[in-house]
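When a residue number appears, it is its place in the shown sequence, counting from 1.
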Amino acid sequence: MSAPDMSFFKGKKVFLTGHTGFKGTWMSRILVTSGAILTGYSLEPPTNPSLFDMADLEDKMTSVIGDIRDMDSLKAAFDKADPEIVIHMAAQPLVRDSYKDPRYTYETNVMGTVNILECVRNSKNVKTFLNVTTDKVYKNNEWEWGYREDEPLDGFDPYSNSKSCSEIVTHSYKSSFFMGEDAPAISTARAGNVIGGGDFATDRIIPDCVRAAKSGNDMIVRNPYSTRPYQHVLEPVFAYLMIAEQTYKDKSKASWYNVGPDDCDCVTTGDLVDMFCAKWGGMKRVDKSDPNAPHEANFLKLDSSKLKKTFGWKPTWHINETMDRIVEWNRVWFADGSIPEIMDKQINDFINT
């Protein structure tokens with residue numbers, strides 16, 4: 001079961017925070033084409049160009065522009081939507097930005113989680129809640145094996161640490177308010193590094209590769225030796241929806257889950273860039289380390305055995321296929337092709353793989 005039964009979402013009322021972001025837009029496209037009654041709550045799209053603006057979603061869902069820190073605005077949108085399923089993805093998602101503005105990072109990632117859980121706590125109709133965090137919630141010992149869900153949560157940098165706090169907040173709310181028979185299912189999902197078409201964020205490796213390709217330059221890499229669990233954006237997005245579907249049906253499955261690729265897809269940044277350059281053609285990697293760069297983990301990997309055992313999940317697209325899909329998507333974008341069409345094609349290809 002690598003993808004949920006998407007017919008399940010037809011007619012279901014879903015509230016999604018962070019819907020204008022990279023993963024949020026892919027999830028929104030999947031949900032609206034599946035017939036969900038979708039309300040999104042998020043800031044304006046975080047990049048220009050914006051995948052959300054390209055994805056033809058505005059008239060197919062209720063899109064509320066608001067700050068997750070603004071409880072009154074959030075609650076008004078939430079109460080109007082009256083959802084059955086809540087997926088929380090709104091976040092300040094960048095490590096380097098968290099060093100520049102740690103207060104904003106903690107306010108968004110910690111109090112934003114408190115705010116959405118307060119909305120859930122005061123709702124009578126929510127059946128399942130999923131908080132999307134990150135693989136970086138773990139105390140990183142630079143181990144060669146994958147972290148499991150019972151490892152200590154203690155992220156190093158403000159972004160990672162704020163996501164550790166978001167996990168702990170969710171655990172507390174579950175224990176304090178959501179243990180009754182009629183309480184909603186409460187889960188979190190900790191995903192590895194997500195890549196795919198339509199990511200235009202600053203300071204991310206694949207968007208930097210795409211920008212280099214667009215400008216005709218070689219790709220400069222600051223840390224070619226860091227190892228990350230890279231996965232196509234559709235891997236975690238469908239896993240999140242699978243968790244939402246299954247915990248809606250069976251609350252006993254609600255828990256904390258790693259969503260990471262297999263070991264073969266944990267590659268160095270340098271190898272990832274080399275793969276992009278080879279598949280794109282006409283460009284190469286140039287290593288240029290920055291001795292003054294903020295700390296980032298060198299080695300990080302997840303053990304997703306729990307997700308596999310509980311749901312029968314397994315990765316669908318490995319790293320070579322993932323890079324082919326990134327190149328395919330961006331060649332359509334470079335040629336001014338239809339973004340909704342290439343998104344729907346890749347979504348259908350993923351489901352039918």
Exercise for review: Check step by step if side chain to side chain donor-acceptor pair (under 3.5 Å) holds for Tyr104 and Asp97.
Suggested key: CA-CA 10 Å; Tyr104 173 73; Asp97 283 0; over 6 Å; no

Check your understanding: Has the side chain of Asp157 got a donor or acceptor atom that lies under 3.5 Å from a matching backbone atom of Val95?
Key ->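 Side chain of Asp157 to backbone of Val95: no pair is present.
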
Point to revise | Check ion pair Arg222-Asp203 (N to O, under 4.0 angstrom) | key: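 Between Asp203 and Arg222 there is a salt bridge, with a charged N closer than 4.0 Å to a carboxylate O.
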
Review point. Is there a chain of hydrophobic side chains (I, L, V, M, F, W, Y, each step under 4.5 Å between heavy atoms) that links Met343 to Ile195?
Key: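 Yes; Ile195 is reachable from Met343 via cluster members.
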
Point to revise | Gln92 CD to Ile68 CD1 distance, which is reported to the nearest 0.5 Å | key: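 Here the rounded value is 14.0 Å.
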
Review point. Distance-only, no hydrogens or angles: does the Asn122 side chain make a donor-acceptor pair with backbone N or O of Glu118 under 3.5 Å?
Key: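 Side chain of Asn122 to backbone of Glu118: a pair is present.
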
Check your understanding: Is NZ or CZ of Lys214 both nearer than 6.0 Å to the six-membered ring centre of Trp333 and within 45° of the ring axis?
Key ->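 The answer is yes, since Lys214 meets both limits relative to Trp333.
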
Review point. Ring centres of Phe52 and His19 under 6.0 Å apart?
Key: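 That pair passes the under 6.0 Å test.
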
Exercise for review: State whether the side chain of Asp250 and the backbone N or O of Gln246 hold a donor-acceptor pair below 3.5 Å, judged by distance alone.
Suggested key: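 A pair under 3.5 Å: no.
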
Practice item. List the atom of Asp135, the atom of Pro229, and the distance in Å for their closest heavy-atom pair. Key: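 Heavy atoms only, the tightest pair is OD2-CG, 3.4 Å.
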
**Study point:** Reported CG-to-CE distance for the pair Leu16 and Met89, which is rounded to 0.5 angstrom
**Key:**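 Reported value, rounded in 0.5 Å steps: 6.0 Å.
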
Practice item. Verify side chain to side chain donor-acceptor pair (under 3.5 Å) between Ser98 and Thr105, making sure each step is shown before the conclusion. Key: CA-CA 6 Å; Ser98 76; Thr105 300; 5.0 Å; no

Practice item. Compare every heavy atom of Lys136 with every heavy atom of Asn193, then report the nearest pair and how far apart it is. Key: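 Reported closest heavy-atom pair: OD1-NZ, 3.2 Å.
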
Check your understanding: Looking at Thr170 and Trp256, what are the two nearest heavy atoms and their distance?
Key ->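 Taking every non-hydrogen atom into account, CG2-CZ3, 4.3 Å.
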
Review point. With no hydrogens and no angle check, is any side-chain donor or acceptor of Ser160 less than 3.5 Å from a backbone partner on Gly155?
Key: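 No, the answer is negative, given that no donor and acceptor are paired below the 3.5 Å cut-off.
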
Exercise for review: Report yes or no: does Lys279 contribute a side-chain atom to a donor-acceptor pair with the main-chain N or O of Asp274 at less than 3.5 Å?
Suggested key: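 No.
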
Exercise for review: Would you give the length of the straight line joining atom NE2 of His318 to atom CD of Glu321, rounded to the nearest 0.5 angstrom?
Suggested key: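 If we round to the nearest 0.5 Å, His318:NE2 and Glu321:CD are 10.0 Å apart.
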
Check your understanding: Are the side chain of Ser172 and the backbone N or O of Ile168 linked by a donor-acceptor pair below 3.5 Å?
Key ->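 The answer is no, because no donor-acceptor pair under 3.5 Å joins these two groups.
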
Check your understanding: Under a 4.5 Å cut-off applied to non-hydrogen side-chain atoms, are Cys277 and Met283 in contact?
Key ->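 When only atoms from C-beta onward are counted, Met283 and Cys277 do touch, with a gap below 4.5 Å.
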
Exercise for review: Would you indicate whether the side-chain heavy atoms of Val64 and Thr39 approach each other to under 4.5 Å?
Suggested key: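 Result yes, sub-4.5 Å side-chain heavy-atom pair found.
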
Check your understanding: Does the side chain of Phe78 come within less than 4.5 Å of Ser123's, by heavy atoms?
Key ->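 The answer is yes; the side chains approach within 4.5 Å.
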
Review point. Is the closest side-chain heavy-atom distance between Asn223 and Tyr225 below 4.5 Å?
Key: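 Asn223 reaches Tyr225 side chain to side chain.
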
Practice item. Report yes if some heavy atom in the side chain of Ile342 is under 4.5 Å from a heavy atom in the side chain of Lys345; otherwise report no. Key: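 Ile342 vs Lys345: side chains touch.
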
Exercise for review: Kindly determine whether Ser63 and Tyr41 satisfy side chain to side chain donor-acceptor pair (under 3.5 Å), including the steps that lead there.
Suggested key: CA-CA 6 Å; Ser63 174; Tyr41 183 92; over 6 Å; no

Review point. Would you say the side chain of Val332 lies within less than 4.5 Å of the side chain of Ser338, judging by non-hydrogen atoms?
Key: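 No, too far: nothing below the 4.5 Å cut-off.
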
Exercise for review: Decide whether a cation-pi geometry holds between Lys306 and Trp313; the criteria are a distance under 6.0 Å from NZ or CZ to the six-membered ring centre and an angle within 45° of the ring axis.
Suggested key: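 No; the conditions do not both hold, so Lys306 does not lie above the ring face of Trp313.
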
Exercise for review: Establish, yes or no, whether a centroid distance under 6.0 Å links the rings of Phe178 and Phe129.
Suggested key: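 Between Phe129 and Phe178, which both carry aromatic rings, the centre distance is not below 6.0 Å.
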
Review point. Just how far is it from atom CD1 of Ile30 to atom CZ of Phe9, taken to the nearest 0.5 Å?
Key: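 That separation rounds to 9.5 Å.
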
Exercise for review: Decide whether Val114 and Met71 are clustered together by the hydrophobic rule: side chain heavy atoms of Ile, Leu, Val, Met, Phe, Trp, Tyr closer than 4.5 Å, transitively.
Suggested key: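 Val114 does not cluster with Met71.
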
Check your understanding: Are the charged groups of Glu107 and Arg103 less than 4.0 angstrom apart, N to O?
Key ->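 A salt bridge links Glu107 with Arg103.
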
Check your understanding: What residue among Glu84, Lys253, Lys12 forms side-chain hydrogen bond (donor to acceptor under 3.5 Å, both in side chains) with Tyr248?
Key ->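 Filter result, single survivor: Glu84.
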
Practice item. Could you tell me whether the side chain of Ser304 and the main chain of Leu307 form a donor-acceptor pair under 3.5 Å? Key: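 Looks like no, no N/O pair under 3.5 Å.
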
Practice item. Any chance you could measure Tyr240, atom OH, to Thr188, atom OG1, to the nearest 0.5 Å? Key: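 Tyr240 atom OH to Thr188 atom OG1 measures 10.0 Å (nearest 0.5 Å).
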
Check your understanding: Does Ser7 offer a backbone N or O that forms a donor-acceptor pair with the side chain of Asp5 under 3.5 Å?
Key ->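 Yes, the answer is positive, given that a donor and an acceptor are paired below the 3.5 Å cut-off.
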
Exercise for review: Assess whether side chain to side chain donor-acceptor pair (under 3.5 Å) is satisfied between Ser226 and Thr269, documenting all intermediate values.
Suggested key: CA-CA 6 Å; Ser226 60; Thr269 302; 2.8 Å; yes

**Study point:** With Tyr138 via ring pair (Phe, Tyr, Trp, His ring centres under 6.0 Å) - residues at least two apart
**Key:**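 Counting only residues at least two positions away or on another chain, Tyr138 forms a ring pair (Phe, Tyr, Trp, His ring centres under 6.0 Å) with Tyr147.
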
Review point. Can you tell me if CZ on Arg211 sees more than 12 non-hydrogen neighbours from other groups inside 6.0 Å?
Key: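 More than 12 within 6.0 Å, yes.
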
Check your understanding: For the residue pair Phe238 and Trp26, is the inter-centroid distance of their aromatic rings smaller than 6.0 Å?
Key ->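 When the ring centroids of Phe238 and Trp26 are compared, they turn out to be at least 6.0 Å apart.
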
Review point. Can any side-chain N or O of Thr247 pair as donor or acceptor with the backbone N or O of Ala185 at less than 3.5 Å?
Key: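 It does not hold such a pair.
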
Check your understanding: Are Ser187 and Asn131 close enough that a side-chain donor and a side-chain acceptor fall under 3.5 Å?
Key ->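 No, Asn131 and Ser187 have no side-chain donor paired with an acceptor closer than 3.5 Å.
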
Review point. Atom CG of Asp208 and atom CG of Asn217: how far apart are they, to the nearest 0.5 Å?
Key: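 The CG atom of Asn217 is 12.0 Å from CG of Asp208, to the nearest 0.5 Å.
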
Check your understanding: Side chains of Pro49 and Phe200: does their closest heavy-atom pair fall under 4.5 Å?
Key ->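 Yes, close enough: below the 4.5 Å cut-off.
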
Point to revise | Taking every non-hydrogen atom, the tightest pair across Ala36 and Val14 | key: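 For Ala36 and Val14, the tightest heavy-atom pair comes out as CB-CG2, 4.2 Å.
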
Exercise for review: Work out which heavy atom in Arg190 is nearest to a heavy atom in Thr133; give both atom names and the distance.
Suggested key: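 Nearest heavy atoms, Arg190 then Thr133: CG-OG1, 3.3 Å.
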
Point to revise | Beyond-backbone contact of Thr108 with Arg69, side-chain heavy atoms, under 4.5 angstrom | key: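 In short, these two side chains touch, coming nearer than 4.5 Å.
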
Point to revise | Single-linkage hydrophobic cluster, 4.5 Å side-chain cutoff, Leu130 and Tyr173 together | key: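 Not linked; separate clusters.
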
Check your understanding: Name the one of Lys301, Arg228, Gln231 that satisfies side chain to side chain contact (heavy atoms under 4.5 Å, CB included) with Cys266?
Key ->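 Of the listed options, the one satisfying the test is Lys301.
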
Review point. With a 4.0 Å cut-off, would you call Asp287 and Arg285 a salt bridge?
Key: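 Looking at Asp287 and Arg285, the cut-off is met.
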
Exercise for review: Compare every heavy atom of Thr47 with every heavy atom of Ser50, then report the nearest pair and how far apart it is.
Suggested key: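 Nearest heavy atoms, Ser50 then Thr47: CB-O, 3.4 Å.
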
Point to revise | Side-chain donor/acceptor of Asp218 to backbone N/O of Lys284, under 3.5 Å | key: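 Here the side-chain-to-backbone pair exists.
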
Review point. With the 4.5 Å side-chain cut-off for hydrophobic clustering, are Ile116 and Ile65 part of the same group?
Key: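 No, no single cluster joins them.
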
